[in-house]
Colleague: 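Following this message is one structure expressed as C-alpha cells.
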Amino acid sequence: MSKTMSARVLIQKFQRPLILLVLVVVLTLLQPDAFATVSNFKSIFLAISIYGVMVSGSIFTILLGGIDLAVGAVAALSGACTVLTIIAFNYSDIGVILGILAGLLAGCFVGLMHGVIISKFRVPAFLITVATMNIVYGAAELLTGNQTINIISPASFTFVGGGQLFGIPFPIYIVALMAFLSFIILNMTVFGRQVYATGGNPVAASLSGVPVFRTTCAAYIISGFTAAAAGIVLASMNQQAISKAAQGYENDVLTAIVVGGTSLMGGEGSIQGAIFGALLVGILNNGLRLMGVSSIYHTLVKGIIIIIAVSFDFYSRNRNSGLLRTGRLRLWMARQVAILMKEEKHQP
Amino acid sequence: MNVDDILLRAVDIEKSFSGVKVLKKVGLDIRRGEVHAVMGENGAGKSTLIKVLTGVYPRDEGKIFFNGASVTINSRQDAKDLGIAVIYQELSLIPTLTVAQNILLGQEICRAGILDNGAMKLAIRKLIETYGFSLNPDAIVETLSIAQRQTVEILKALSMQSSLIIMDEPTASLSVKESENLFQTIGALKKRGVSILYISHRLEEVYRLADRLTILRDGERIAVLSQGEINPRDVIRLMIGKELRQSEHAGRMRPSRPEVVLRVRNLSRRGVFSDISFDLHRGEVLGIGGLVGSGRSEILHCLFGSDRPDSGDILFEGKPIRGTVSRNIRSGFGLVPEDRRTQGFIPLLSMKRNIVLTNYDHLVGRRLFISGKSELAMCRDAIQRLDIRPANSEIHAGNLSGGNQQKVVVGKWLMRDLKMLLIDEPTAGIDVGVKEDIYALIGELAEKGVAVILVSSDLPELLRISHRILVMRKGRIFREFSEGSVSQEDVLKAASGIQDREIESNE
Amino acid sequence: MRKSVHWGIITVMIVALALAAAGQVSAQAKKNPYKDPVKIAYLPDNIGDTVGAAWGVGIKREFAYFPNITYQVFDGKLSAETQNQIMTELINQKYDCIILQAHDAAALAASAREAEKQGIPVIDLNLDAQTPHTCLVAMVDYEAGSLVAQEIAKGVGDNGNVVIIEAPPGASRGINVEAGFRDTLKAHPGVKILAAQDGEWLTEKGNTVMRDFLTKYPKINAVFAINDAMAEGASQAAAAAGRKMIIWGADGEKKALQYIEQGKLTGTIYTNCYDEGATAARMALYAIGAEINGSKFTKTPIIKMAPIVVTKDTVASIAEKDRW
Amino acid sequence: MRQETIRRLFSLLLLSILIVAFGATSKLFLTLPNIFTLLREASVTGILAVGVTFVIITAGIDLSTGAIVAFVAMVCANIFYYTTLPVWVALAAGLLIGAGAGYLNGLLVTRLHLPDFIATLSTQGIFRGLALIIAIRSSTGSISNKVITNQGFLLLGDRVSVVYLVTIAFFVVALLGQGILKMTPLGTHTYAIGSSRKSADLSGINSDRVKKVAFTISGICSAVGALFLTARMQTAIPELGTGLEFDVIAAVVIGGCAFSGGRGDVFGSVVGALFMAILTNGIYKYNLPAAFHIIIKGCVIIIMVIFDSVYHRRMDDRIRKAGKMLDQAAAAAEAAGGGAGGIS
C-alpha cells in the first residue's frame, strides 16, 4: 500500500510539470518544426520575462493574504525614473547605475507605503493598491510630462532588456535570478517562513513572535522592488519610457500566481507554481500564434484551456486534501482514519 | 420511565473505511426523555457512530429503528426529518446573522416568497419563552458569548421539533457557570420528553447528567451503565482499558520557591481588568480561575505583550518589560492561547513549520539560511517528547486531532529555553489521555524551574496542577488561595463573588 | 424600517441638491476665440500614447499664442465608455470646442452628435466619429497601408513572404491600415501574406509576436507592423535572431526615424503629428469663431495630413523640429 | 442603534462631506444637469455592483462582469444589425445570455470546484472572445462596429424629463437586490454561505445552489448594465467594459462588503458606486492636468478607506468593551442571585 501511495504522491508532486508536458507534447505534435526548438523556448521565456519578474515579488503579497495591483504602475514609474536619470547624467554608464538604483528605489518606496498603510490601518489591500495604482500612474505622467522618452543609448542600458549573453536574452537571466532568489527567500529563510505563517493565520503568527508589521512591509517592498526591476527591463527592452507602460500587467501577474495554485486567502502556494502559471499562459500564447490562430480567438481558447488545466490540477491535488466536499471528502477522511488507526495500533 | 419506551435503537452498526473497521457491531438504545452519554477515547468511534446516525456516513451493516420503525438515514436531511438534531463541537452558526435568522435558517417562514418577519419573530419569541432562555432574537450571533451561541444552537434544534438532540462536547469552551446553565437547560429538555445523546470527555458531567452511559473502545461497545453504576474509576478503566490515577477532589496548595520571576503591579486595561498585582515565583504554577470574561485571558495577553496595558508595571527578573511579543519570546516567555484554531497554530502549515516557527532564533542564529535538517530534528524531538500522533512532521497542523494540535502548540515552546509559560485553557476539548500528558508536561516544566501561569475553567484541573490560585472576578483579583487545601467549591464561590475571608494579594 | 430610513435619506439628499442647483443654467454668448475666454478640451484615446502626446504638443504650441484660451487635457484611458463620460462632462461644462481622438468610430458617434447639437464643435483626430461633425483631421490610414504594400512589393521584387503585426482586433485605425495593405498586395500575387497576429500596439508585444513568426517561418522577406512601436519590437526580434528582412512601420515617431537612420527599420509612413495637432487646434479656433454648426452637416469635412514615405534615403529630409 | 446602522450613517456622512467639498469649491458641481449626469455615470457601475454584491457576500468574486457586458452588448448589436426583430426580443436575449453566462460561472465554481477567481477570470476571456468572434464585420472580414438605429432600443439611453432611464433602472435594480437580500430566504442563505459555508451546509442549505443563483444574479445585472450602456453608446464594441469589473468591485468593497464574505449589502454598494462617480465627476470640474485626476482620486480613496477603518476599529472596540462589561454584569448578577451551587 505504501508503495502505491508514494507513487501517487510522486504524481501529485509533479502534477504541474505534467500538465506543461502534456501541453508541450500536444503543441509539438501540432507544430513539429516550430514548437520544440531551443529558439522557441527562448522566445517563450522572453515573452514571460517581464511579468515573470513581477510575479517573483508579487507572490509574497499574495502569500500574506494581500494583493498588489500597482505592479504595472510601479513599473511605469521606475522605468521613467531610470530613463530620466540616465538622460540627466548624459547617457553615461554611471548614469545607468544611478538610474537603475533610482528606479528600484522608487519601487521600494511605493512598496513601503503599501506595507505601512495596509498593516498599520488594516485596510483591504485591494482598495489601497488600486488607489496607489492611480497615484503612481499619475506620478509617472507628471514625471514624463506624458511624452514618450526615447533612450537608444547607452549600450550598457539597452543591454539589460535587449542584450544576449551566451546566446540567451538577458531578461531571461533576470527572471531566472529573481525567481531563484524568491525561491530561496521563501523556502530557506526565516522571513519566508514568517510570510507563510502570517498569511496562514496572522493572529497565531503574531503570538508566535512573528513581527507581522515588518513582514508585511518587507513583502510589499519586495513586490515593489521586482515591479520596478520589471519596469527597468521593459524600458530597456523598448528603449523608451512611457507614462502608461505595463498597463494591465497586474492581471497577467495575478493570473500566473493564481493559476499556479496560490490561494488568494494567503498562506498557501509557491513560486514554482507561479512560474508554472506564467509558463502555462506563455506557452499557450506562443502555441496559438504558431498555429496561426487569429487573435480574436486567443482569449477564448486561453480561457477554456486554463479552466481545463486548473480544474485538473485542483482535482488531483485536492483529492487528498479535503477541499472537495462531496464524495471525495469521505474517501479522504476514510484514508485519514485508516492512517490514524494504523499509527495507533503500532504504538506499544 | 417506561423501559420499553425506546426512541432510537441502533443494532449491530458496522462501518469501515478502506478496509479498516471503525465500528464493530455497535448497538445503541436511547430512551425517550433520557440523557444518554457516550464516552470513549479519541478514535474509539464516537464521532463515526454519530455521523452514521445523522446520515453523514452511510453505514455498512446494521439497522436503525426510530420510534420503533426501521429507518434508513442516508443524508443529513433524513436525520433532520426524523427529528434528530446535532449540536457540534465547533458551533455551526452563521456569525454575521441574527439569532432569529440562525434559528430558522433553512426553514424560513415565507409569505409569497417574501420573508414573513412578524411570524418568524413570534415563533422565536414563543420558543424562547417556552424554554425560559434569555436571548434577544435580533442580536447578531458574533456578538454573543459562546454559551449564548450554544443556546441558539439548542433552540435551532428545538425549532425543528427534534426529539433527539446529539450534543458533541457541548461544554468544551464553556465556563463553569455557563456549563451550569447548560445543564439546567438539559434538565428542562428532559422534562419535556426530549432525548439527549451526550458526548463529553468530562467525567464529572457525565456522572452528574447521564441517565445511562454507553462506553466505546476501539469501535466496540464495551459497556452500558445505568445511572447508579456510573463511577468515574470504572468508567475510565473501561474506556482506556487500564487503571488511571484519579486526581484528588481537592487541590493542596504548595509553597513556592522564594525567587520571584515576575512581579506585576497595579496592571490595568480599561474595560477589561484593573489593579492586578501579584508575584510569580520560579518553578511555580499559578492558577487563575474565574468566569470566562472576568479578564483572565486578557492578563495573559498583556503579560505576553500582544495587548498593551493602560497602566501598571510588569517586572520580569527585576527589569520592567513593556516590549513586543518577539522581545518577550526572546527573553523566555511562551503563550499557549485560549483558542487554538484562531490563535494557536497555523492550520495550512505543516506540523514541522508550526513547531519551529517560534524557534528560528535558536535554529538559525546569525546564519542566513535555515537548515532543513535541524528543523526536522527539532520537530522529531518535539514529536517524541510530546508523543504527537501521527508522527509525521509534514502533515498539516489543521488536519491533526484537537489534542495533537494542542501538543503542537505546547511543543513549539518546549523547544526553547523557556522561563515563563502562560497557558490558557490547555485542555479544552481534549480527551483524557492527552490531558494527562499535558498535565505531566506542565509539572515537568515547573520542576525544571519554569514559572507557569495557568488559566482554566476546568476546576479539577486548576486544583490539581496549581501551586497557588488567584480567582478573578469582574476584572479584579477577588481571592487568592496560597496555602492549605482548596476545594472546587471554594473556587466556585470566589468566582461567583462570595467570600468568607478577604485576602489581600500578598505584600 | 431602517432600510426605508436610509433610502429616505438618500432621496432627500438628492432632491435637496437638485433644488439647490436649479436655476443656475445660463445661456451661451457668441465668442471671439482669439480674444474672449474660451475653454478647449483635448480628449485623446490614451494620454500616454506617443502619437496622442505629439498631437497634444502641437495643440498646446498653437494655443500658447492665445492667453485667452484655457486648454485642458483629459485621458480616455483606452475606453470608449470613459470617453463618452468625459464627453458628457465637457458638454455639461460648456466647453467651447472638443478635440477628440475617438476610441471607436461608432461608439463616440452619439456623444459627438450631442456635442454638436449643443453647439460645441467637435474636431476629430485620426478617427472619425460616425456622425457628421465639424471636422476630421487625420493621418492617412488606408492609403498608408497601401503605400507600405507598394514599397514592400518593390522591396521584395514582387516575390516573397510577408507577415503582419496587427493592431488589437476592433481598433479602427489598425483595421483600415491593414485593409489598405492587404487590398494593395492583391495586385502583387507574388507577395504572400504568411500570417497576421495582434501586437497590442506595444513594442514588447511586437517583439514577442515577431519572435514567434521567426520560429514558425524559416523564410520571411518582409514585415509590416501597423505602428512604429511594434515595428521597433519586430526589428529587435529580427536582430536577435540574426535575420535580415524588410521591416515597415507606420506613424513615423522619432525613434522609428532613428532606427531607420541606423538601418534597423526599412521605412515608415511619416506624418507630422505636431502639425496635425496644430491643424486641429487652428480648426477649433476657426470653428468657434465662425460658429460652424456641425450638426447641420451631412458629411464631415476631412483634412488629410500628407503622408511622407520615409526610408533610409529620405529620412534626412525630416527636420529635427518635426520629429516627435 | 445597531452598529450596522451607525456604519451606514457614517458612510453617508463621508459621501456628504465629499459632496459639500466639491459643491463649495466648484460652481459647476451642484447644478441640476451635473447631478443627473453624475447619477447616470454611477448607474451602470452601480447596476453591475448590485449583482457583484451578491457574489462577494458569498465570499466569492466575479471578474467576468465586464466581459459579459461586452458579450451581451454584442449580441444585441447583432440582432439589430442583422434582423428586424422587435426590441423586446433583443432585451430578452440579452438578459437571458447574461443569466446564462452567470450560471456558467456558477457551474464552474460549484461543479468543477474552481476557485471563483480562476473560474471568472477564465470566463472573462471566454465571453470577451465570444464578443470578438460575433462582432459585426465588414465585407473584408475586419471588425466594423455599427451604430444601432433602432429607436425603440435607443430610448433606454434617454431620459424622462431630467432623470436618465438608466438611473431609474439603477434604483429599481438596487431596490430589488436589497429586497432579495433582506426579505427572502435566498438572501439569508447568501449571507449564511458567505459567512460560514460549513455551518450553512450543516443547516441544510444547498450552498451550491445559492452560489449558482448569486452568480446568475450577477450575470443578469451585468446584462442589464450592458443594455443601458449599449443604448447610450448606440453601438457595441468588443472591448466594451474592459476593466469595468475592477471599478465595480472597488465600489462594492468601498460600500462595506468584505472579501471574506457574509457582510455588506446592496445599499452599501449603491453608496460605493455613488462615491466613485462623485469623485470622478467632481475632479473633472477643476482645470487640473489629467495626471492629477487620477492622483487625487487615489488619494481620496486611500484617505477615506483609512478613515473608515480607523473609525470603525474604534467603534468596534468600544462596542466590544461595552458588551463585555454587560456580560460580566449579567453573569455577576446571576451568580449573586442564584447562589453558588457547587458542581460536585
Side-chain angles (χ1 to χ4, degrees), chain A residues 67 69-70 73 113 117 120-124 126-128 130-146 243 247-248 250-251 254-255 258-259 261 263-265 294-308 310-312 314-315 318 323-326 328, chain D residues 59 61 63-64 67 108 111-119 121-133 135 143 197-198 201 207-208 238 242-243 246-247 249-250 253-254 258-260 289-310 313:
Chain A
I67 199 166
L69 293 172
M113 286 290 113
I117 293 174
K120 267 277 175 262
F121 299 105
R122 286 181 229 162
V123 288
F126 177 89
L127 280 181
I128 292 301
V130 162
T132 46
M133 172 169 77
N134 279 317
I135 297 174
V136 174
Y137 265 127
E141 284 177 25
L142 287 181
L143 211 55
T144 58
N146 269 325
S243 57
Q247 249 180 327
E250 59 275 2
N251 284 338
L254 267 185
T255 310
V258 176
V259 167
S263 157
L264 286 175
M265 296 290 153
S294 164
S295 13
I296 58 170
Y297 298 101
H298 283 199
T299 58
L300 180 80
V301 176
K302 252 181 351 194
I304 292 172
I305 293 193
I306 286 175
I307 289 178
I308 295 170
V310 175
S311 52
F312 179 64
F314 271 76
Y315 170 76
N318 292 350
L323 277 179
L324 299 187
R325 288 173 315 284
T326 50
R328 265 169 264 316
Chain D
I61 195 163
L63 297 175
S64 67
L108 290 179
R111 281 291 170 80
L112 289 184
H113 304 283
L114 290 180
D116 302 47
F117 190 92
I118 293 188
L121 189 78
S122 311
T123 50
Q124 181 189 47
I126 292 174
F127 297 137
R128 183 142 331 265
L130 286 173
L132 275 169
I133 291 168
I143 293 172
R197 172 120 192 196
K198 205 174 135 214
D201 281 340
S207 7
D208 283 359
T242 306
F246 278 104
D247 293 351
I249 293 168
V253 176
I254 284 179
F259 282 122
S260 48
F292 284 107
H293 293 166
I294 49 180
I295 291 180
I296 292 174
K297 192 169 165 182
C299 289
V300 172
I301 293 176
I302 289 184
I303 291 168
M304 141 106 183
V305 170
I306 289 177
F307 196 47
D308 189 66
S309 148
V310 169
R313 209 145 27 111

Colleague: Less than 4.5 Å to any heavy atom of chain A: does that hold for the side chain of D:Ile306, its backbone, both, or neither?
Modeller: both

Colleague: Taking D:Gly125's backbone N and O only, do any of them form a donor-acceptor pair with A:Thr299's side chain (distance below 3.5 Å, no angle check)?
Modeller: yes

Colleague: Who wins among A:Ile304, A:Ile306, A:Ile307, A:Val310 for the most heavy-atom pairs under 4.5 Å with chain D?
Modeller: A:Ile307

Colleague: Using heavy-atom distances under 4.5 Å, tell me whether D:Ile61 contacts chain A through its side chain, its backbone, both, or neither.
Modeller: neither

Colleague: May I ask you to name which of D:Val253, D:Leu63, D:Ile301 has the most heavy-atom pairs under 4.5 Å with chain A?
Modeller: D:Val253

Colleague: Measuring heavy-atom distances to chain A, does D:Phe292 have an atom under 4.5 Å in its side chain, in its backbone, in both, or in neither?
Modeller: side chain

Colleague: Taking every heavy-atom pair that is under 4.5 Å apart, which of A:Leu142, A:Ile128, A:Leu127, A:Val123 has the most such pairs with chain D?
Modeller: A:Leu127

Colleague: Using a 4.5 Å cut-off on heavy atoms from C-beta on, say whether the side chain of D:Cys299 contacts that of A:Ile135.
Modeller: yes

Colleague: Can you tell me which of D:Ala250, D:Gly298, D:Gly129, D:Gly243 forms the most heavy-atom pairs within a distance under 4.5 Å of chain A?
Modeller: D:Gly298

Colleague: Who are the side chain to side chain donor-acceptor pair (under 3.5 Å) partners of D:Thr242, not counting sequence neighbours?
Modeller: none

Colleague: For the atom pair OG (D:Ser260) and CE (A:Met265), what is the distance rounded to the nearest 0.5 Å?
Modeller: 7.5 Å

Colleague: Working to the nearest 0.5 Å, report the span between CZ of D:Phe259 and CG of D:Asp116.
Modeller: 11.5 Å

Colleague: Side chain, backbone, both or neither: which part of D:Leu108 has a non-hydrogen atom closer than 4.5 Å to chain A?
Modeller: side chain

Colleague: Side chain to side chain contact (heavy atoms under 4.5 Å, CB included) with D:Phe246: which residues, sequence neighbours excluded?
Modeller: A:Leu69, A:Phe126, A:Asn251

Colleague: Determine, stepwise, if the pair D:Leu132 / D:Ile143 fulfils side-chain contact (heavy atoms from CB on, under 4.5 Å).
Modeller: CA-CA 8 Å; D:Leu132 275 169; D:Ile143 293 172; 3.9 Å; yes

Colleague: Where on A:Ile305 is there a heavy atom nearer than 4.5 Å to chain D: the side chain, the backbone, both, or neither?
Modeller: neither

Colleague: Among the options D:Ile295, D:Ile296, D:Asp308, pick out the one with the most heavy-atom pairs lying under 4.5 Å from chain A.
Modeller: D:Ile295

Colleague: Please state whether the side chain, the backbone, both or neither of D:Val310 comes within less than 4.5 Å of a heavy atom of chain A.
Modeller: side chain

Colleague: Can A:Met133 and D:Ile294 be said to form a side-chain contact (heavy atoms from CB on, under 4.5 Å), step by step?
Modeller: CA-CA 9 Å; A:Met133 172 169 77; D:Ile294 49 180; over 6 Å; no

Colleague: Is A:Leu264 close to chain D through its backbone or its side chain, or both, or neither, when contacts mean heavy atoms under 4.5 Å?
Modeller: side chain

